[in-house]
Amino acid sequence: RPRAAHLRRGPLTRAARYAPRVPTPDPLDAAAPVATIDLDAIAANAARLRTRLHGGADLLAAVKADAYGHGLLPVARTLAATGVRWFGVATPHEVRTLRDGGVAGRILVFGPLPAPALPPLLPRGVDLSVATTDDVAAVADAAAPLRAAGELREDVPLHVAIDTGMGRIGPPPDGVAAVARAAADLEGVRLEGVWTHFARADEADPAPTDAQHAAYLAALDALAADGLTPTLAHAANSAATLAHPATHHDLVRPGIALYGHAPAPDLADAAADLTPALTLDAPVTFVKDVPAGTAVSYGHAWTAPRATRIATVRLGYADGYPRAASNLGDAHLPGGGAARVVGRVCMDQLMLDVGDADLAPGDRVTLLAGAGPAGAATLAARLGTIPYELLARVGPRVVRRYRGGGSPSSGDAPG
């Protein structure tokens, strides 16, 4: 008698045994919420951003946070096919996912990593950000035995972060020389880049960004006077890519703009030629007509002011739709028009006041889109947040469905 499949596989590896258990959706579940991602739109956005680059700058695609909720591998593969050579990530897992998925471009990790994360990562080929001399020493120490064993044949490229006003990582400009000197001098590493990040490039007033940029340029000049010249200088995020061409240098690092959204309302006109790539829809599971005075959902935070029709939708805060959107979010209805989210958003469900719209279980409504009442920018403004958060929090229970891109990644995929 054949043994059960789970008994034939043999013991789990240590990595598999302790791998995080992430809930994944069933792509065949007709009632699953779906995020549809237009890979051709992302490729077109990258092409449009390239036309704006100054001084021979190259483009680094920020694909951290699962490509802002759009799907790390499908997005990176699509961009690589268009000629994008650089990718920006935040975690070792994102590096491994890209390399295991066949993405061969250069990968920059935006933040310093702890020493234990380095040995398994360095042989995969990665550029690392460093903020202190201890960071540099940790990379050099990790590289030494790998070089001795023949697993690492090139010096590890390091990018020194400068804090010019973001207040996040890196020394101030007058403290960067020691870090850069260590990156240039220690065996097994090399000084590849010096970078900074703008805190207010998405605002109409250019003065704060100009001040940060001036501090960055002064730091580069001081390093050059000390004989330290990085191969790459980079500073521009999406906002600076769109609005501050003087900051483009050797690389720009767009994120939200790649996915078709303006970094902030002040840059809506500058981003008008970009196409939002993600649409989130979910099925109606129940419809009922209610009289005036009917209270809906937890806490009875909404009461029907008139006789109306309530549609229950299979989407909740466990899928990434924010609970803060209770009584504030909108949905696009399949027959046209919009409906307001009413009552408190639940873990797995939310309710819509659809008026007299003719809806039935199985119909799908759009809760997050590029424009209109359910547009990411519209909802973000109502909630006092940003489209970045709404997109990045689309959860792993949501099926990602891809169109375009011309790659095997098109089709259904788990979140």
Pair Asp348-Arg397, side-chain contact (heavy atoms from CB on, under 4.5 Å): steps then yes or no: CA-CA 10 Å; Asp348 313 297; Arg397 302 197 311 184; 2.8 Å; yes
Working for side-chain contact (heavy atoms from CB on, under 4.5 Å), residues Leu53 and Thr241: CA-CA 7 Å; Leu53 302 188; Thr241 299; 4.1 Å; yes
Intermediate values then yes/no, side-chain contact (heavy atoms from CB on, under 4.5 Å), Val313 and Tyr321: CA-CA 12 Å; Val313 178; Tyr321 192 80; over 6 Å; no
Pair Asn237-Ile256, side-chain contact (heavy atoms from CB on, under 4.5 Å): steps then yes or no: CA-CA 9 Å; Asn237 51 12; Ile256 196 70; over 6 Å; no
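Listed by first and then second residue, the side chain to side chain donor-acceptor pair (under 3.5 Å) pairs that reach into residues 112-129 are Asp100-Arg124, Arg106-Asp127, Asp127-His159, Ser129-Trp195, sequence neighbours excluded. Within the structure, side chain to side chain donor-acceptor pair (under 3.5 Å) pairs that include any residue of residues 373-385 comprise Asp330-Arg382, Thr385-Glu389 (at least two apart or interchain).
For the residue pair Arg253 and His197, a side-chain donor N or O sits within less than 3.5 Å of a side-chain acceptor on the partner.
Residues Val179 and Ala131 come closest through the heavy atom pair CG2-O, 3.9 Å. Between Ser326 and Gly343 the shortest heavy-atom distance is CB-O, 3.4 Å.
With sequence neighbours excluded, no residue satisfies side-chain hydrogen bond (donor to acceptor under 3.5 Å, both in side chains) with Asp202.
Asp155 and Arg147 are joined by a salt bridge, as a carboxylate oxygen and a charged side-chain nitrogen come within less than 4.0 angstrom of each other. Taking the charged nitrogens against the carboxylate oxygens, Arg314 and Asp319 have no contact shorter than 4.0 Å, which rules out a salt bridge.
Side-chain contact check for Val75 versus Phe87: every heavy-atom pair is 4.5 Å or farther apart. Using a 4.5 Å heavy-atom cutoff, the side chains of Leu391 and His261 are in contact. Contact annotation: the side chain of Pro322 never approaches that of Val345 to less than 4.5 Å [non-hydrogen atoms, C-beta and beyond]. Side-chain contact between Glu94 and Val63 is absent, with no heavy-atom pair separated by less than 4.5 Å. Residues Leu122 and Leu128 meet the side-chain proximity criterion, which asks for heavy atoms closer than 4.5 Å. Using a 4.5 Å heavy-atom cutoff, the side chains of Arg50 and Val84 are in contact. Residues Arg400 and Val394 have side chains in contact (heavy-atom distance under 4.5 Å, counting atoms from C-beta outward). Between Ile42 and Ile37 there is a side-chain heavy-atom pair separated by less than 4.5 Å.
Side chain of Asp205 to main chain of Ala207: a donor-acceptor pair is present (N/O by atom type, distance under 3.5 Å, no hydrogens or angles).
The distance between the ring centers of His249 and Tyr216 falls below 6.0 angstrom.
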